[in-house]
Amino acid sequence: MDLSMNERNPNAEMVARDLDCVWHPCTQMKDHEWLPMVPIRRGAGAWLEDFNGRRYLDAISSWWVNLFGHANPVIGNAVRRQLETLEHVMLAGFTHEPVVELSERLVAATPAGLDRVFYADNGSSAVEVALKMSFHYWLNQGEPGRQRFVALENSYHGETLGALAVGDVGLYKDTYRPLLMECLLAPSPDAYLREAGESPADFARRRAAELEALLERHAGEVCAVIVEPLVQCAGHMRMYDPAYLVELRAICDRHRVHLIADEIAVGFGRTGTMFACEQAGISPDFMCLSKGLTGGFLPLSAVLTSEDVYAAFYDDYTTLRAFLHSHSYTGNPLACAAALATLDLFAASDVLEKNRARAAALRAGVAALEDHPHVAEIRQAGMILAMEMVRDARTREPYPWQERRGLKVYQHALEKGVLLRPLAHVVYFMPPYVIDEEEIALLTRTAIEGIDVATREA
Ligand code: PMP
């Protein structure tokens, strides 16, 4: 929409107020001297709309949280109904129906053996809970020497200090290194790194063997291995074969080490199955959930674990074996109501089956990039599809990060009414499960154009 000089520009007014007082996440605020901020007034389905009435197709589900569309009425009405009876009560010493029902349904929906649910209110906090619980479990079992965590290279588990410590994305981590506990890094099974002629499964097994060697070198020191099952999302959407998880489960059992599955980004159908662990047929000792848990409506996270872990904390108070971790908004009823409505939406139609057609359409839509001189790989796990932009597709020579070519894709897409937010030079789709054929066509066409524009200059 064009606005003449004299007309009001509600976008500009909102942005001016914003820039006066808001400090945005994951942003160099100085960029906004030349990079326009997008103020959003409302959302509907896969679309967001700004204050001037321009619409943007949300191809990344607003940081991967939205599952069934913005302002989804089923979830909205559930939250509204809950609002009328109970907005919040602390969860220590008290309980409420939404948290009880949600726990029952999460236990039923997740892999076997995950029978206890502990709540927090964001993904990073769930990771902190899992790390603390694992360490504390071993302490309660009389193994205080287990104090270390194994994480994968290129992993990401959040931004709080504990979660950051078990991540390996330098951009977020390096600055804070002096503050962080040191974790043990195992080589990533990321299939992009495999040798020519090696299958992703063989590479995964080779990398699993290297992780086992690491555990052998640190026998008796390790509490848990933490992984993002199948897709290292913030680590440029790098993907790996489920064979890795099969091996990892067996290795963790052999070395009596916990396995923490961070399904915060990949859970709730993103990779094609309800939980990514299902593709390897494994149950972790801890599963962290957030993001899609509430359909993208409200902050909530859950850590599921086993009866065995629960039992290690269950004792007389004076033994001081209890898990005394807490967040004020733990198990908030409004967020639980949103989560229950989200599970209802999964139950109401065969979402995962319908997503198979959507996933195929996403892939078919970018087929033209297969021979692109600046696209090294198109990879996909269910509803996550990523395209690796490089200087030279044959040698896979990357673009220097300073060139910020992903930002050019972002800008081009915004002009075309699509919200794409590449991770450095990796352009990806992770759309809500309401995206239709026409929207997929717009999305894939825009991504191809954006990649052409961003890679045009040498
Ligand atoms: N783990 C993973 C795998 C994630 O992708 C994220 C968020 N991008 C987090 C943890 C952290 O979640 P939150 O941003 O809610 O703290």
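Whatever order the structure lists ligands and atoms in, that order sets their numbers, starting from 1. If you read the sequence from its start, that first residue is 1, and numbering goes on from there.
Residues that satisfy the salt bridge (Lys or Arg N to Asp or Glu O under 4.0 Å) test with D308, not counting sequence neighbours, are absent from this structure. With sequence neighbours left out, F323 forms a ring-ring contact (aromatic ring centres under 6.0 Å, His included) with F118, F313, H325.
Salt bridge annotation for D190-R379: absent, with no cationic side-chain nitrogen under 4.0 angstrom from a carboxylate oxygen.
Protein residues having at least one heavy atom under 4.0 Å from any atom of ligand 1 are W64, N122, G123, S124, Y156, H157, G158, E228, D262, I264, A265, K291, listed by chain and number.
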**Q.** F68 vs F346, ring pair (Phe, Tyr, Trp, His ring centres under 6.0 Å): CA-CA, chis, key distance, verdict
**A.** CA-CA 9 Å; F68 294 108; F346 273 106; 5.1 Å; yes
Contacts table for residues 251-267: side-chain donor-acceptor under 3.5 angstrom, sequence neighbours left out:
residue	atom	partner	partner atom	Å
D253	OD1	R249	NE	3.4
D253	OD1	R249	NH2	2.8
R254	NE	E212	OE2	2.9
R254	NH2	E212	OE1	3.0
R254	NH2	E212	OE2	3.4
H255	NE2	E212	OE2	2.8
R256	NH1	E143	OE2	3.2
R256	NH2	E143	OE2	2.5
H258	ND1	S134	OG	2.8
H258	ND1	W138	NE1	3.4
D262	OD1	I264	N	3.0
D262	OD2	H157	ND1	2.7
E263	OE1	A276	N	2.8
E263	OE2	A276	N	3.1
E263	OE2	C277	N	2.8

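Checked by atom type, the side-chain pair Y119/S103 shows a donor-acceptor distance below 3.5 Å.
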